[in-house]
K.L.:
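Structure in structure tokens, see below.
So you know, we letter chains A, B, ... as the sequences are listed, proteins then strands, and number each from 1.
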Number of protein chains: 2
Amino acid sequence: MSNQTGLLTELPGVAGCCSPLVRKPLTAPQAVDLSRLFKAMGDPVRLRLLSLIASHEGGEACVCDLSGVFDLTGPTISHHLKVLREAGLIAGERRGTWIYYRIQPEVLAQLAAVLRPAGASV
Amino acid sequence: MSNQTGLLTELPGVAGCCSPLVRKPLTAPQAVDLSRLFKAMGDPVRLRLLSLIASHEGGEACVCDLSGVFDLTGPTISHHLKVLREAGLIAGERRGTWIYYRIQPEVLAQLAAVLRPAGASV
DNA sequence: CTCTTGCTTCGATTTCTGTCGAGATAGACC
DNA sequence: GGTCTATCTCGACAGAAATCGAAGCAAGAG
């Protein structure tokens, strides 16, 4: 995924003072890259999964902690986790019988950097 | 739209210290509400539209300023603007022949509030 | 080795989304 | 009034995404 290879950090203004969104128009590739993250978060189930993982004790949760929360089948939860994983928002690791997921704070921070000053600077 | 009626401001921790996403799991309605915003931003064209409007001189742009940038027809641009409008991210106002759009900074700030401390607190 | 459990992948179905062309509406100008 | 321009709405279609059941794979228990 290109957002894991540093493209987002090249957005204008991330290292400067103001929101890249407000300073100058996003280029098409930047927008494609960013929209992948937003799209991954644009589903209520995935947003809750992300929040469940992030707020879970130790900062990680196994799928068994997650799937009971929803009225959805295992494959569906697995699908949503895969979308989050492929967007780079979470990472999974097998440990014995269970697979544990944890959030990737840097990616969330990149998103926040794009967004934060936009509201504050007005 | 419920995110315009203040629901987002009731998220746990927005007025406190830490990211609501990380502090405790989002409830289903909160996630639905939030995901509407993320979904609206989960398209490259809409992200660029948002950025074009925000970075345009005076903080607003008419559709004629926007539609020339893309290889898309008028109806398609109009559709994307409608999605952004219904999400509460932009507002449009007719002034004479043209319709001007500007961003709604509070909504962007709410999104940022949800996101920002998640990365910073790690 | 076989059985069970946890999770994923596969294939099919249904619903949602992006895009367009055609037509409608609103305002400016003559 | 008529006409032109700017924008939106509507209806249709193709491609994408969400969901499920069935099957597969990995790891531990017996």
Side-chain angles (χ1 to χ4, degrees), chain A residues 1 26 28 31-50 52-53 56 58 60-102, chain B residues 1 28 31-53 56 58 60-102:
Chain A
M1 236 80 322
L26 293 172
V32 167
D33 210 49
L34 261 178
S35 69
R36 262 198 276 268
L37 290 177
F38 283 119
K39 193 186 299 187
M41 299 181 74
D43 179 282
V45 174
R46 289 198 288 268
L47 223 37
R48 290 179 72 194
L49 282 171
L50 208 56
L52 280 165
I53 293 169
H56 200 265
E60 60 181 15
C62 76
V63 182
C64 56
D65 294 322
L66 305 170
S67 52
V69 177
F70 303 90
D71 266 349
L72 295 170
T73 62
T76 301
I77 299 295
S78 197
H79 161 71
H80 285 302
L81 288 171
K82 184 180 186 178
V83 172
L84 288 171
R85 199 176 346 118
E86 290 183 341
L89 287 162
I90 61 175
E93 179 202 355
R94 170 158 236 141
R95 212 174 308 143
T97 308
W98 298 278
I99 298 179
Y100 291 87
Y101 282 99
R102 61 185 176 291
Chain B
M1 238 74 329
V32 168
D33 210 50
L34 261 179
S35 69
R36 264 198 275 267
L37 291 177
F38 283 119
K39 194 186 301 187
M41 299 181 74
D43 179 282
V45 174
R46 289 197 288 269
L47 223 35
R48 290 179 71 194
L49 283 171
L50 208 56
S51 182
L52 280 165
I53 294 168
H56 200 265
E60 61 182 15
C62 77
V63 182
C64 56
D65 294 323
L66 305 170
S67 52
V69 177
F70 303 90
D71 267 349
L72 295 170
T73 62
T76 300
I77 298 295
S78 197
H79 160 72
H80 285 302
L81 288 171
K82 184 181 187 178
V83 172
L84 289 171
R85 197 173 351 113
E86 290 183 341
L89 287 161
I90 61 175
E93 180 201 355
R94 170 157 235 142
R95 212 175 305 145
T97 308
W98 296 277
I99 299 181
Y100 291 87
Y101 282 99
R102 61 184 178 292

K.L.:
State which of C:dG18, D:dC20, D:dT7 makes the closest approach to the side chain of B:H79.
P.N.:
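Looking only at side-chain atoms, B:H79 lies closest to C:dG18.
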K.L.:
When the distance from CG of A:L49 to P of C:dT8 is rounded to whole Å, what number comes out?
P.N.:
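Rounded to whole Å, this separation is 11 Å.
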K.L.:
Which part of the nucleic acid, if any, lies within contact of A:R46, taking any heavy atom under 4.0 Å across all strands shown: a base, the sugar-phosphate backbone alone, or nothing?
P.N.:
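Sugar-phosphate contact only - A:R46 comes under 4.0 Å of backbone atoms but never of a base.
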K.L.:
For B:R48 and C:dG18, what is the distance between atoms CZ and C1' respectively, to the nearest whole Å?
P.N.:
16 Å
K.L.:
Of B:W98 and A:V83, whose nearest nucleotide on DNA chain D comes first from the 5' end?
P.N.:
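Nearer the 5' end of the strand: B:W98.
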K.L.:
Can you measure B:D43 atom CG to C:dT17 atom P for me and round it to whole angstrom units?
P.N.:
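Nearest whole value for this atom pair: 11 Å.
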K.L.:
Can you tell me which nucleotide in D:dA22, D:dC8, C:dC20 comes closest to the side chain of B:T73?
P.N.:
C:dC20
K.L.:
If we only count heavy atoms from C-beta on, is the B:H79 to B:V83 side-chain gap below 4.5 Å?
P.N.:
yes
K.L.:
Measure the distance from CG on A:L81 to C1' on C:dC7 and round it to the nearest whole Å.
P.N.:
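Nearest whole value for this atom pair: 10 Å.
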K.L.:
Check whether any side-chain N or O of B:Y100 sits under 4.0 Å from OP1 or OP2 of D:dA6, and answer yes or no.
P.N.:
no
K.L.:
Categorize A:Y101 for me: base, sugar-phosphate, or nothing, with a 4.0 angstrom heavy-atom threshold over every strand shown.
P.N.:
sugar-phosphate
K.L.:
Does the side chain of A:L26 come within less than 4.5 Å of A:D33's, by heavy atoms?
P.N.:
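No, too far: nothing below the 4.5 Å cut-off.
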K.L.:
Do the side-chain N or O atoms of B:R94 get closer than 4.0 angstrom to the phosphate oxygens (OP1, OP2) of D:dC8?
P.N.:
no
K.L.:
Please state how far atom CD in A:E86 lies from atom C1' in C:dT8, giving the value in whole angstrom units.
P.N.:
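After rounding, the reported distance stands at 12 Å.
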K.L.:
Roughly, in whole Å, what's the span from CD in A:E93 to P in C:dG6?
P.N.:
19 Å
K.L.:
Among C:dG18, C:dC7, D:dT9, which nucleotide sits nearest the side chain of A:I99?
P.N.:
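The answer is C:dC7, which lies nearest to the side chain.
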K.L.:
At less than 4.0 Å, is any side-chain N or O atom of B:H80 found next to OP1 or OP2 of C:dT19? Yes or no.
P.N.:
yes
K.L.:
When you measure from the side chain of B:S35 to the backbone N and O of B:A31, does any donor-acceptor pair fall under 3.5 Å?
P.N.:
yes
K.L.:
So, is B:T76 close to the C:dG18 phosphate, meaning a side-chain N or O under 4.0 Å from OP1 or OP2?
P.N.:
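So the side chain of B:T76 is outside the cut-off, no N or O lying under 4.0 Å from OP1 or OP2 of C:dG18.
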K.L.:
Does a nitrogen or oxygen in the side chain of A:K39 sit under 4.0 Å from OP1 or OP2 of D:dA17?
P.N.:
yes
K.L.:
Would you say A:T97 reaches D:dA27's phosphate, i.e. side-chain N/O to OP1/OP2 under 4.0 Å?
P.N.:
no
K.L.:
Taking the side chain as every heavy atom from C-beta outward, state whether B:R102 and B:E93 have any pair of such atoms under 4.5 Å apart.
P.N.:
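Yes, their side chains come closer than 4.5 Å.
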K.L.:
To the nearest angstrom, how far is B:K82 atom NZ from C:dT19 atom P?
P.N.:
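It is 16 Å, rounded to the nearest whole Å.
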K.L.:
Checking all strands, does B:G74 fall into the base, sugar-phosphate, or nothing category for heavy-atom contacts under 4.0 angstrom?
P.N.:
nothing
K.L.:
Taking C-beta and beyond as the side chain, do B:T76 and B:H80 meet within less than 4.5 Å on heavy atoms?
P.N.:
yes
K.L.:
Grab the CZ-P distance between A:F70 and D:dC20 for me, whole Å please.
P.N.:
12 Å
K.L.:
Is A:S67 reaching over with its side chain to a backbone N or O of A:V63, donor-acceptor style, under 3.5 angstrom?
P.N.:
yes
K.L.:
Across the strands shown, which category fits B:L72 at heavy-atom distances under 4.0 angstrom: base, sugar-phosphate, nothing?
P.N.:
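Touches sugar-phosphate only.
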